[in-house]
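Okay, structure first, notes after.
When a residue number appears, it is its place in the shown sequence, counting from 1.
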Amino acid sequence: MTYSSNSTGANFTITEGTNLTISGSYFVKLATKRDKNIYGYKIYYTGSYSGDGSCNLLYANGSAKDSMVVSSDAPVFVHTIVTKYQYDECKNWNAEQWECLTQELNTALNPKQFAFSDGHPKRYDIPMSDIESGSCYVVVAHYADDTVLMSEVMQK
């Protein structure tokens, strides 16, 4: 296993058959290999979870274009993903496709972890000033129970 660290976090390279133990409650992003040349990413929650997921929500904040509403009964990791692909090309992508392409062409912005215990909704601010005019973007939420929700595709 190799390890490196920089200002945005730690990077590990783990070979098949290697176990990685992470103490504490965190959301971690791990690369996965699905086929010979196809790679993807999965975000996992390392803490325990005892809720039922009934409060897992991600929805538009009324008519506001600069925020979303997030709710859960456990921790949630939320981020905005921006792409330079045209709307017609990205409008049908799922969350996995949006996140996988962030390593090549997209940019993940404003990552935030929310701590929930009661399902009371919280506001997530979309970093509109960091999104170029004409760019498409989504907000993706990863919940402790492994649920992934994504906003509709929006264009600035």
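Tyr124 places a side-chain heavy atom less than 4.5 Å from the side chain of Thr80. Counting only heavy atoms from C-beta outward, the side chains of Val78 and Val139 approach each other to under 4.5 Å. For the pair Val140 and Val148, the minimum side-chain heavy-atom distance is below 4.5 Å.
To the nearest 0.5 Å, atoms SG (Cys136) and CD (Glu89) are separated by 10.0 Å. Note that the CG atom of Asp125 and the CE atom of Met68 stand 12.0 Å from one another [nearest 0.5 Å]. To the nearest 0.5 Å, atom CD of residue Glu99 and atom NE2 of residue His142 are 3.0 Å apart. In this structure, the separation between CD on Gln155 and CD1 on Ile131 is 11.0 Å, given to the nearest 0.5 Å.
For the pairing with Tyr85, the side chain to side chain contact (heavy atoms under 4.5 Å, CB included) check across Val82, Asp88, Thr83 returns one residue only, Thr83.
Listed here is the closest heavy atom pair of Met128 and Asp66: CG-CB, 3.7 Å. Here the closest heavy-atom approach between residue Asn94 and residue Met150 is recorded as C-SD, 3.8 Å. Of all heavy-atom pairs between Cys55 and Asp73, the closest is CB-N, 3.9 Å. The two residues Ile126 and Met154 come nearest to each other via the heavy atoms CD1-CE, 4.4 Å.
Asp145 meets the side chain to side chain contact (heavy atoms under 4.5 Å, CB included) test with Tyr49, Asn56, Tyr143, Thr147; sequence neighbours excluded.
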From CA spacing to verdict: side chain to side chain donor-acceptor pair (under 3.5 Å), Tyr59, Ser71: CA-CA 9 Å; Tyr59 53 92; Ser71 178; over 6 Å; no
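The closest donor-acceptor contact from the side chain of Tyr87 to the backbone of Gly134 lies at 3.5 Å or more, if one exists at all. Listed for the Lys122 side chain is no donor-acceptor partner under 3.5 Å among the backbone atoms of Val69.
For residues 129-141, no residue pair satisfies the side-chain hydrogen bond (donor to acceptor under 3.5 Å, both in side chains) rule, not counting sequence neighbours.
The number of heavy atoms from other shown groups lying within 6.0 Å of NZ (Lys65) does not exceed 12.
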